[in-house]
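The analysis underlying the following values was restricted to heavy atoms, covering all of them including side chains, and did not include hydrogens, waters or symmetry mates.
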Amino acid sequence: MTALGVTWILDGLEVTLVGALTGVLMSTAGLALNPLQVGWSGSIYLMGGVVGALGFGWLTDRFGRKRLFSLTLSVYLLATLATGLAWSFASFAVFRAITAAGIGGEGAAMDSAIDELIPARRRGQVSIIIHGSFWVGAAIGSLASVVLLSTLPPALGWRVAFVGGAILALVIVYARRFLPESPRWLITHGRPAEADAIVGEIESRGGLEVGQGGAHPRIALRTRSRTGYVQVARSLILKYPQRTALCVTLLATQAFCYNAVFFTYGAILKTFYAVPNADIGWYLLPFAVGNSSGPLLLGRLFDTVGRRIMIGATYALSGVLLAITGWLFARRLVDASQLTFCWCVVFFFASAAASAAYLTISESFPLETRAMIIGIFNAFGNGLGGVAGPVLFGAQIATGSRDNLLVGYLIGGALMVFAAIVEFAIGVDAERQPLEAVAPPLSQVS
């Protein structure tokens with residue numbers, strides 16, 4: 001689980017580094033970016049994630065979860081190293097896009113592996129906590145930016161920060177050696193002996209006699225070497241259209257809110273509160289604490305209280321609190337520290353909600369299409385909500401108007417409340433259910 005969760009730590013590190021280093025990147029010691037370019041760099045990063053999620057998602061379903069972990073991590077490692085050597089906005093944006101492609105591919109493989117390796121009674125809690133580890137990376141990014149910008153010349157400090165991400169990836173290469181392939185994937189690809197060996201090892205580590213891990217209904221599967229886009233489209237459009245609408249809504253709305261706020265918060269602190277470049281990381285650190293606390297403290301409730309109630313409630317609370325925080329900012333009723341505290345409260349709930357969106361996607365569709373569908377939803381969800389948010393907020397920051405930003409915050413809040421209504425209406429009650437009961441495999445035979 002540590003080796004899998006590292007994916008989100010890397011994503012949090014990358015996103016927060018850009019936010020914390022915004023001030024330097026906008027100065028002559030950096031790349032002299034303007035607020036609009038800061039917003040575009042965030043959106044281009046997400047576009048890269050879209051491409052990576054689609055391409056690597058398809059490869060993950062075809063060649064297995066474990067093989068793709070090495071490939072996507074290599075892409076990330078090389079691209080983040082190149083980001084530290086960027087010489088212009090164009091080169092910075094390109095390297096960021098390739099970095100995101102690696103992380104996007106990691107997400108498709110990782111979410112599939114989590115669902116396929118974790119027992120049903122703990123699947124929600126484990127998945128939500130692992131997705132919440134994004135904010136461990138955010139905390140590392142915040143602290144790294146503060147230390148590097150205060151101890152090194154700004155022109156060097158921001159470059160070393162990105163190179164540090166590549167060094168972290170080298171450590172992860174070692175940890176990935178211990179990851180097993182998904183037994184479910186092995187079974188559907190005609191490799192039952194390997195699958196049985198992996199499950200047997202898990203049972204023996206748990207103090208159980210091999211083969212006696214529990215009495216469950218048996219199903220028969222027909223071996224298939226690959227799953228095409230026709231089967232994926234059939235699952236999305238014909239067999240599970242309601243779930244498709246639900247997942248698009250959950251992912252797009254949280255992506256808009258999250259990415260709009262976090263990709264541009266450094267620019268907001270610099271533009272409206274004149275926070276020094278070297279201090280921006282201190283404001284992002286409490287953000288990370290609030291965000292990681294939500295999944296950690298609320299995660300278990302998604303398995304006990306249930307998916308529908310918890311997802312709907314966290315989305316609704318996030319939307320209302322987001323609108324209130326935007327109003328306080330626009331009316332100049334909060335300083336930089338108070339605004340950061342408000343965001344901590346908002347994203348305590350929003351972080352659990354966003355993590356649950358990824359959980360819903362990964363457990364709501366058949367085994368053979370899981371990674372591809374995760375990739376497709378990441379692509380379209382982030383494309384619809386994530387790309388638009390940073391560009392919109394970057395343009396509003398450039399105007400220097402708090403009222404213009406309030407409009408964006410109100411839109412984000414309304415979207416989150418809308419998603420809550422959709423979840424209450426058509427949510428999937430998957431808590432404590434085996435994956436095969438939530439969505440029967442395409443290869444299952446009577």
Can any side-chain N or O of Thr253 pair as donor or acceptor with the backbone N or O of Leu250 at less than 3.5 Å?
yes
Looking at Arg307, Arg432, Arg370, which hits salt bridge (charged side-chain N to carboxylate O under 4.0 Å, His left out) with Glu363?
Arg307
Distance-minimising heavy-atom pair for Pro434 and Ala120
N-CB, 3.8 Å
Of the non-hydrogen atoms in Met416 and Ser318, which two are nearest, and what is the gap between them?
CE-CB, 3.7 Å
Strictly distance-based, threshold 3.5 Å: is any side-chain N or O of Gln338 a donor or acceptor partner for the main-chain N or O of Asp335?
yes
Does the side chain of Asn291 come within less than 4.5 Å of Phe348's, by heavy atoms?
no
His189 and Trp185 aromatic ring geometry - parallel, tilted or perpendicular at 30°/60° bounds
parallel
Does the side-chain contact (heavy atoms from CB on, under 4.5 Å) test come out yes or no for Ile374 and Phe365, once each step is laid out?
CA-CA 9 Å; Ile374 291 171; Phe365 298 92; over 6 Å; no
Output, in order, the C-alpha distance, side-chain angles, deciding distance and verdict of side-chain contact (heavy atoms from CB on, under 4.5 Å) for Leu81 and Val163.
CA-CA 5 Å; Leu81 183 63; Val163 172; 4.0 Å; yes
Please say whether more than 12 non-hydrogen atoms of neighbouring residues, nucleotides or ligands are located less than 6.0 Å from CZ in Phe89.
yes
What one should report as the nearest heavy-atom pair of Pro441 and Pro366 is CA-CB, 4.3 Å
Going by heavy atoms in the side chains, are Cys342 and Leu328 under 4.5 Å from each other?
yes
More than 12 non-hydrogen atoms from neighbouring residues, nucleotides or ligands closer than 6.0 Å to CZ on Phe272, yes or no?
yes
CD1 on Ile44 to CD on Gln37, rounded to 0.5 Å
9.5 Å
Reported CD1-to-CG distance for the pair Ile202 and Leu117, which is rounded to 0.5 angstrom:
6.0 Å
Parallel, tilted or perpendicular: which describes the rings of Tyr358 and His131, with under 30° parallel and over 60° perpendicular?
parallel
When rounded to the nearest 0.5 angstrom, what is the spacing between CG in Leu317 and CG in Leu322?
12.0 Å
With side chains defined as the heavy atoms from C-beta onward, is the minimum distance between Arg243 and Val428 less than 4.5 Å?
yes
To the nearest 0.5 Å, what is the distance between CZ (Phe424) and CD1 (Ile309)?
7.5 Å
Short side-chain to backbone donor-acceptor contact, Arg159 and Ala86, under 3.5 Å:
yes
What is the distance from atom OG1 of Thr99 to atom CG of Leu78, rounded to the nearest 0.5 Å?
9.5 Å
For a side-chain contact (heavy atoms from CB on, under 4.5 Å) check, start with the C-alpha distance between Tyr409 and Thr325, then their side-chain angles and the critical distance, and finish with the verdict.
CA-CA 8 Å; Tyr409 290 134; Thr325 299; over 6 Å; no
Using modelled atom types and a 3.5 Å cut-off, is there a donor and acceptor pairing between side-chain atoms of Thr80 and backbone atoms of Leu77?
no
I'd like to know if the side chain of Ser133 reaches the main chain of Val136, judged simply by a donor and an acceptor atom lying under 3.5 Å from each other, with no hydrogens or angles considered.
no
Among Thr340, Val345, Leu339, exactly one meets side chain to side chain contact (heavy atoms under 4.5 Å, CB included) together with Trp343. Which residue is that?
Leu339
How far apart are the C-alpha atoms of Asp111 and Ile361, what are their side-chain angles, what is the distance that settles it, and do they pass the side-chain contact (heavy atoms from CB on, under 4.5 Å) test?
CA-CA 9 Å; Asp111 282 342; Ile361 293 165; over 6 Å; no
Evaluate the side-chain proximity of Trp327 to Leu410: yes if any heavy-atom separation is below 4.5 Å, no if none is.
no
Kindly indicate whether the side chain of Ile311, heavy atoms from C-beta on, has any atom under 4.5 Å from the side chain of Phe302.
yes
For Gly124, does its backbone N or O pair with a side-chain atom of Ser127 as donor and acceptor, under 3.5 Å?
no
Taking atom CZ of Arg300 as the centre, report whether more than 12 heavy atoms of other residues, nucleotides or ligands fall under 6.0 Å from it.
no
So which heavy atom on Val275 is nearest to which on Ala336, and how close?
CG2-CB, 4.3 Å
If you define the side chain from C-beta out and look only at heavy atoms, does anything of Leu359 sit under 4.5 Å from Asp115?
yes
What are the two closest heavy atoms between Thr360 and Cys247, and how far apart are they?
CG2-SG, 3.9 Å
Report the distance from atom CH2 of Trp135 to atom OG of Ser351, rounding to the nearest 0.5 Å.
6.5 Å
State whether Tyr273 and Arg402 meet the cation-pi test: NZ (Lys) or CZ (Arg) under 6.0 Å from the six-membered ring centroid, and within 45° of the perpendicular axis.
yes
Answer yes if the ring centres of Phe95 and Phe162 are under 6.0 angstrom apart, and no otherwise.
no
Evaluate the side-chain proximity of Phe134 to Ser355: yes if any heavy-atom separation is below 4.5 Å, no if none is.
no
Pairwise side-chain contact, Phe349 with Leu298, heavy-atom cut-off 4.5 Å (strictly under):
yes
Distance-only, no hydrogens or angles: does the Glu116 side chain make a donor-acceptor pair with backbone N or O of Ala113 under 3.5 Å?
no
Closest non-hydrogen atom pair, Leu246 against Ile426:
CD2-O, 3.8 Å
